[in-house]
4 protein chains.
Amino acid sequence: MKTVTSLRTESTIRKKQRKLFPPGRTKIAEALKLLLEEKEFNAITTAEIAKTACVTEALIYKYFKDKRDLLHQVLGEYLEFYISRAEMDLKGIKGSLNKLRKLMWSHINMYSTNRVFAKILLLEVRNYPDYFKSDAYESVKRYSKISLDVIQEGIDNGEIRNDLSPLSIRQIVLGGVEHLCLPGIIFNKEISPDELTEELCELIFHGIAARKDPPKSRPKKGVESGNN
Amino acid sequence: MKTVTSLRTESTIRKKQRKLFPPGRTKIAEALKLLLEEKEFNAITTAEIAKTACVTEALIYKYFKDKRDLLHQVLGEYLEFYISRAEMDLKGIKGSLNKLRKLMWSHINMYSTNRVFAKILLLEVRNYPDYFKSDAYESVKRYSKISLDVIQEGIDNGEIRNDLSPLSIRQIVLGGVEHLCLPGIIFNKEISPDELTEELCELIFHGIAARKDPPKSRPKKGVESGNN
Amino acid sequence: MKTVTSLRTESTIRKKQRKLFPPGRTKIAEALKLLLEEKEFNAITTAEIAKTACVTEALIYKYFKDKRDLLHQVLGEYLEFYISRAEMDLKGIKGSLNKLRKLMWSHINMYSTNRVFAKILLLEVRNYPDYFKSDAYESVKRYSKISLDVIQEGIDNGEIRNDLSPLSIRQIVLGGVEHLCLPGIIFNKEISPDELTEELCELIFHGIAARKDPPKSRPKKGVESGNN
Amino acid sequence: MKTVTSLRTESTIRKKQRKLFPPGRTKIAEALKLLLEEKEFNAITTAEIAKTACVTEALIYKYFKDKRDLLHQVLGEYLEFYISRAEMDLKGIKGSLNKLRKLMWSHINMYSTNRVFAKILLLEVRNYPDYFKSDAYESVKRYSKISLDVIQEGIDNGEIRNDLSPLSIRQIVLGGVEHLCLPGIIFNKEISPDELTEELCELIFHGIAARKDPPKSRPKKGVESGNN
DNA sequence: TATGAATGAGGTTTCATTCAT
DNA sequence: AATGAATGAAACCTCATTCAT
């Protein structure tokens, strides 16, 4: 499942950590990431984290306020990386819809290649009030701002309808991305950024209502069942 | 926050329970609902539930396998109610898009009027593998099936584009609904079913691209499977 | 493992119960016996007993003072049966050593054919002070008395050495029986009454020392009391 | 009841523990031993153990897998000590029967001077399947092996009859020891190693039958294995 | 005779967290 | 920077038992 992209991601983050952080801290953060691949955060104990990291439990509390702070910091590091990459992604792209498409692709790709990140963001933090006071949440907001700005730019330059709230558009886009990825994340199935982006953009950009001059009929292929 | 609708819901469920369930069981379920209005499930203790219900903790385990089973059963009861209502909702409506709009409105309305239900479904259960083996999850699938059938019907009768996978459409629609409601649910703000439905349908039905000419037909392929 | 003997045992006891005891009581006692085939007494819950017996837990307390009383009564019923059988067994046998041999065979055979009885007596009750106040314990003492009388008779008639305390002899005999059977009982292996009796009598009657000349008479003093 | 021997035992064990184990662990083990003098294991709560040891209940679970593991470890420590003592005991003794007599004396003496050990071994563990997977059970087997080897040696050198299975002999000897000691252990009465050994050896070595002529040689077959 | 409903009391175990070193 | 030892607090859960009917 790990692609070149994800490996690059990992190693880049690690390089930064090597400079900024003492090795103990890094080992702890890496241990949590490893464990999150297999279990839900609440089911991971500090004892397990310490053992996996080959440090003592006490050390966790040297570097992190508490267990949840560790989670938020791990999430925050990922986010900072993805924010800077999103900013790079947009460079050299013409057209707001093209930019939006690129952002959607990157977003899906990041869920696809970094399941731990996806699980933290979509399943672990939203329940807990602390999260909304964390630095990580600030990063999330900065990240979301990027799409919002692109949408606003599209409205301003006439590429996007001006009779819809940009915020609602952003929510619907994100919702679509998340719900298309969620089954893959929960049940550990492959996620195909290319296909999902294509489908999502087709719908979001043009809607589902059949056109007066209708599209040509095509065979389609669906999912088994599902829901939620 | 409770509207007439939600009250009717509650009392209908209660009537059924009075017949089917011993009073202790009902008191426990109601106690959990009450507590969920204020706290996250993991932060609620069995002691609190028992105290709120004016029963002993032991009784919880007479009626429910464990604490999480209680959550799932509460969720399941809500779902059964909403499923039957969704089926009623569709009666007498002409047009698949009109039906879809109605379903979206009802869905948003149910998040709006029953925050406890919304929190359980969107924030509490998805993390935990047990959920996916629960009866509640089966109900969720039945509920989702309703929208899927409407979408399929729309494709068959030409109201909905046939070049998008119905499953993907369903996921995107649900994703849109959820993400439009999520801020309201998390931060306990008002949710306006009328406005959100309007905005969502406008976007989903017609897309965000400023119109010049109709979209060209494109090949598509849907989400792999799963759900949630 | 069940032999004709054990079946007859069971059915005889059951017939008595049918007369003496209401069906609910019998069902409960039988349920416990059934469960004891698979688990240790403390690991069996009253809920399980009730479910196995197809009665409610409350009924257990109609017929038995508490859970342990149930165990003691079950044990007591077995013991009464085995006592009367031991008395029959001795009739028509000449010679104290022959009688003793017969008792040992019956004893081993009863462990061999009734594992539940064996487990209760050897593993479940001895820990718990209540047992020593129970009727079952009185029966055990009556049962033990039978061997003691035979040993005393043997001493009196010169078949058995008179320089050993009869009580100690009884303890050593019983100890030998138990320890030969214990592995079979604990690990659920076959127990062969014929072979074990043969071996045990050979040793107990004649000793293990390779013979040169007969032992000299010695003064004795035995264990204080007790049994089991 | 504590003799010089038992005190030496205790302090020797304690010395070892002081080196090998953190003080908390030792305090917990000692607390259990203390409590076992007065109550049955199941009647002792972790709360009591902790309180007696002046530590928190949580610490018990740092050092022991669970409550029963604590029991097994305590038993195991005793056993290791007694094994090494049994090995010493045999040194300098000539004759297999003399060695066997010495082992029996030591065995009875250890039940006599260490009632806690006796109760654990004879009354507490045999019921519970976990025991048979514990290290303590492995120690028991090593301990039993010592007598078995002596018996075998006696057979080989002609001191002991060769027509009885050595395993059966060992079982009968152990059974005799246990049953002679059991009343004393259960009812907290004195146990006299000298007298009991004398009586037991007299019987086991020479049998109970009044002598006329030596026994004839017979074929033998023993218990399957096991012990305890 | 038998049950449905409920409970009291406490049991074991878990786990995040701290502090002296 | 890191650890070994220990803890506080409660969490979940179990189970024998009772009582009104």
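Within every chain, numbering begins at 1; the chains are lettered A, B, ... in the order of the sequence lines, protein sequences first and strands thereafter.
- The base of dC15(E) lies outside donor-acceptor range of the side chain of Glu57(A), with no N or O pair under 3.5 Å.
- The NZ-C1' distance, from Lys51(D) to dT7(F), rounds to 18 Å in whole Å.
- Comparing Lys62(B) and Arg68(B) against DNA chain F, the residue whose closest nucleotide sits nearer the 5' end is Arg68(B).
- Between dA2(F) and Tyr63(A), a contact under 4.0 Å exists linking OP1 or OP2 to a side-chain N or O.
- In this model, the phosphate group of dA16(E) is approached by a side-chain N or O of Lys67(A) to a distance below 4.0 Å at OP1 or OP2.
- Straight-line distance from the CG atom of Leu32(C) to the P atom of dA16(F): 11 Å, rounded to whole Å.
- For Tyr61(D) and dT14(E), the shortest distance from a side-chain N or O to OP1 or OP2 is not below 4.0 Å.
- Taking the centre and axis of the six-membered ring of Phe41(A), the NZ or CZ atom of Lys119(A) falls outside the cone set by 45° and 6.0 Å.
- In a base pair of the Watson-Crick type (N1 to N3 plus N6-O4 or O6-N4) or a G-U wobble (N1-O2 and O6-N3), with each distance short of 3.5 Å, dG10(E) is matched with dC13(F).
- Among dA2(E), dT3(F), dC15(F), the nucleotide with an atom closest to any side-chain atom of Leu59(C) is dA2(E).
- In this structure, dT21(E) and dA2(F) make a Watson-Crick or G-U wobble pair, each of the two defining distances being under 3.5 angstrom.
- Regarding Ile28(C), its CD1 atom lies at a distance of 13 Å from the P atom of dT17(F), rounded to whole Å.
- The distance from atom CG of Leu70(A) to atom P of dT17(E) is 11 Å, rounded to the nearest whole Å.
- Taking CD1 from Ile49(C) and CD from Glu57(C), the interatomic distance works out to 9.0 Å, rounded to the nearest 0.5 Å.
- Atom CG in Asp69(B) sits about 16 Å away from atom C1' in dT14(F), given to the nearest Å.
- Put simply, the side chain of Leu75(B) does not reach to within 4.5 Å of the side chain of Leu71(B), judged on heavy atoms.
- Side-chain proximity of Ala58(C) to dT3(F), dT18(F), dA6(F): nearest is dT18(F).
- Phe21(C) has its CZ atom 16 Å from the C1' atom of dT1(E), to the nearest Å.
- For Pro23(C), counting side-chain heavy atoms from C-beta on, the closest listed nucleotide (dT14(F), dA2(E), dG8(F)) is dA2(E).
- Nearest approach of Glu48(B) to Lys39(B), heavy atoms of both residues: OE2-NZ, 2.6 Å.
- When the P atom of dC13(F) is taken as reference, atom CD1 of Ile49(B) falls 10 Å away, rounded to whole Å.
- Phe64(C) has its CZ atom 12 Å from the P atom of dA2(E), to the nearest Å.
- Looking at which nucleotide of DNA chain E each of Val55(B) and Thr56(C) is closest to, the 5′-most match is held by Thr56(C).
- Picking from dT12(E), dT3(E), dA6(E) the nucleotide with the shortest atom distance to the side chain of Thr46(D) gives dT12(E).
- In this structure, the nucleotide among dC12(F), dT7(F), dT13(E) sitting nearest to the side chain of Asp66(D) is dT13(E).
- Ring-plane geometry between His72(A) and Tyr131(A) is classed as tilted, the angle between the planes lying from 30 to 60 degrees on a 0 to 90 degree scale.
- Checking dC12(F), dA6(E), dC15(F) against every side-chain atom of Thr45(C), the shortest atom distance belongs to dC15(F).
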Let me see the working for Glu30(A) and Lys27(A) under salt bridge (charged side-chain N to carboxylate O under 4.0 Å, His left out), right down to the final yes or no. CA-CA 5 Å; Glu30(A) 292 301 319; Lys27(A) 281 193 285 179; over 6 Å; no
